[in-house]
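Below you'll find the structure, written out as structure tokens, and then a few comments.
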Amino acid sequence: MRFISIFTVLLVCISMQVSAKEILRSSVSPEFVDGLHTKYLDYIAKQMDMELEINPMPFARRLMALKNGDIDVMVGVTRDSDKQDEIIYLRPSYEQLRHTYFVRKKDQKKLSTIDDLGNMKIGVTIYAKYFDNFERKQDFALVGVSTLSQKIQLLMKGRIDTFIHYQESTLPLLEKMGLSGEVVKAKYQPTHYNDYYVTISANSRLLHLKDKFEEVIRQGVESGAFNQIRELHYQQQPE
């Protein structure tokens with residue numbers, strides 16, 4: 001009987017080792033724990049046959065955690081150079097997005113050209129990359145915050161004159177906050193689209209799987225899987 005018990009325990013242990021999946025550690029904004037980025041990550045984890053573990057953090061903290069190897073991968077990252085340091089950009093990019101300026105409805109006409117930004121306080125996300133002719137304007141008064149909600153709140157309090165963010169995530173949040181009629185898109189809008197990448201930490205224990213991650217991303221782009229995830233996500237958002 002003792003032999004049978006030991007044999008049973010061994011079988012259970014072996015079974016657990018065989019069935020246990022690798023953990024893919026990542027992070028998203030605390031405002032959008034069940035948002036689009038989580039759905040992208042869930043798709044990648046399933047294609048990699050991994051269990052997804054998400055620890056929500058603001059954007060700046062996510063970047064630091066990625067650099068340190070505290071999380072393995074991160075989505076929604078743009079690049080401004082070919083430099084690969086602690087953050088490795090996986091090719092190809094999985095989507096292109098354009099940033100959008102938002103203002104209070106009564107101020108909609110005050111932002112008609114890029115030159116009007118020189119007279120405004122602009123809400124931006126800490127450490128986020130935007131586009132060249134915006135980044136190079138040294139005279140812009142930028143107010144860095146961690147979350148989209150903070151941008152909206154500062155705008156409503158009059159502490160900033162405009163903020164820049166993706167309309168795809170801003171419009172649903174404005175609807176949820178009951179501010180759709182008070183905060184609107186500005187007359188002036190940039191035309192530049194940014195490429196967004198899945199990134200992996202150079203300090204990640206999963207770095208040896210870099211090529212496999214890139215193959216998953218490439219197949220997701222070519223099959224239209226990322227587009228389908230995005231379209232379905234926004235179809236489920238409130239009108």
Side-chain angles (χ1 to χ4, degrees), residues 16-17 19-97 99 124-130 144-151 164-166 168-170 172-173 194-221 225-227 229-230 232-233:
M16 290 177 64
Q17 288 177 349
S19 62
K21 291 185 177 181
E22 185 75 73
I23 302 296
L24 178 61
R25 302 169 303 168
S26 190
S27 178
V28 298
S29 169
E31 297 178 288
F32 303 106
V33 175
D34 298 316
L36 182 57
H37 283 184
T38 297
K39 293 174 182 178
Y40 286 151
L41 289 164
D42 186 60
Y43 167 79
I44 293 168
K46 286 178 178 176
Q47 296 302 307
M48 295 291 293
D49 194 28
M50 294 179 176
E51 293 289 344
L52 179 62
E53 178 182 287
I54 289 183
N55 180 18
M57 297 179 234
F59 186 78
R61 282 183 57 199
R62 294 205 298 275
L63 279 180
M64 186 58 64
L66 185 68
K67 290 180 178 180
N68 293 339
D70 296 328
I71 60 175
D72 301 303
V73 300
M74 180 173 164
V75 299
V77 185
T78 59
R79 64 184 308 174
D80 55 358
S81 73
D82 291 330
K83 182 180 179 182
Q84 302 268 26
D85 42 31
E86 297 99 335
I87 297 176
I88 297 173
Y89 296 81
L90 302 177
R91 294 182 178 276
S93 67
Y94 67 90
E95 71 178 353
Q96 290 185 323
L97 293 175
H99 287 94
V124 298
T125 303
I126 298 172
Y127 294 145
K129 298 296 181 183
Y130 294 98
V145 297
S146 298
T147 67
L148 174 56
S149 294
Q150 289 174 322
K151 292 178 183 178
I164 186 169
H165 209 89
Y166 312 121
E168 291 87 353
S169 52
T170 303
L173 185 57
N194 288 332
D195 285 303
Y196 286 82
Y197 294 86
V198 180
T199 54
I200 187 168
S201 172
N203 297 309
S204 168
R205 72 203 192 291
L206 302 180
L207 184 60
H208 66 286
L209 298 174
K210 171 181 174 292
D211 291 344
K212 186 176 179 180
F213 275 109
E214 289 192 319
E215 179 62 17
V216 166
I217 296 164
R218 184 188 64 78
Q219 291 180 355
V221 171
F226 287 108
N227 285 337
I229 293 169
R230 182 169 58 251
L232 181 60
H233 173 77

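Here the structure is a predicted model, which is why all the values come from computation and not from measurement. In what follows, every heavy atom counts, from backbone to side chain, and hydrogens, waters and symmetry copies are set aside.
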So do the side chains of [X] and [Y] get within less than 4.5 Å of each other, counting heavy atoms only?
{"X": "P92", "Y": "I217", "result": "yes"}
{"X": "R25", "Y": "E53", "result": "yes"}
{"X": "T125", "Y": "K151", "result": "yes"}
{"X": "L206", "Y": "M50", "result": "yes"}
{"X": "L63", "Y": "I87", "result": "yes"}
{"X": "K67", "Y": "N203", "result": "no"}
{"X": "I44", "Y": "V73", "result": "no"}

[X] side chain to [Y] backbone, donor-acceptor under 3.5 Å:
{"X": "T78", "Y": "N194", "answer": "no"}
{"X": "E31", "Y": "S149", "answer": "yes"}
{"X": "S93", "Y": "Y197", "answer": "no"}

Inset, instruction - Identify whether the distance between the nearest side-chain nitrogen and carboxylate oxygen of K210 and E214 falls below 4.0 Å. - result: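 Between E214 and K210 there is a salt bridge, with a charged N closer than 4.0 Å to a carboxylate O.
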Inset, instruction - Give a yes or no on whether a salt bridge exists between K212 and E215, defined as a side-chain N under 4.0 angstrom from a carboxylate O. - result: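 No, no charged N to carboxylate O under 4.0 Å.
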Inset, instruction - Verify side chain to side chain contact (heavy atoms under 4.5 Å, CB included) between L24 and F213, making sure each step is shown before the conclusion. - result: CA-CA 11 Å; L24 178 61; F213 275 109; 3.8 Å; yes
Inset, instruction - Check side chain to side chain contact (heavy atoms under 4.5 Å, CB included) between I126 and all other residues, then give those that pass, not counting sequence neighbours. - result: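 I126 satisfies side chain to side chain contact (heavy atoms under 4.5 Å, CB included) with A60, S146 once adjacent residues are dropped.
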Inset, instruction - Carefully, step by step, assess K21 and D49 under the rule side chain to side chain contact (heavy atoms under 4.5 Å, CB included). - result: CA-CA 7 Å; K21 291 185 177 181; D49 194 28; 3.1 Å; yes
Inset, instruction - Report the relative orientation of the aromatic rings in Y40 and F226; use parallel for angles under 30°, tilted for 30 to 60°, perpendicular for over 60°. - result: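 It falls in the perpendicular class, over 60°.
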Inset, instruction - Would you please test S201 and L66 for side chain to side chain contact (heavy atoms under 4.5 Å, CB included) and show each step? - result: CA-CA 5 Å; S201 172; L66 185 68; 3.9 Å; yes
Inset, instruction - Could you walk me through whether Y196 and Y166 pass the side chain to side chain contact (heavy atoms under 4.5 Å, CB included) test, one step at a time? - result: CA-CA 12 Å; Y196 286 82; Y166 312 121; 2.4 Å; yes
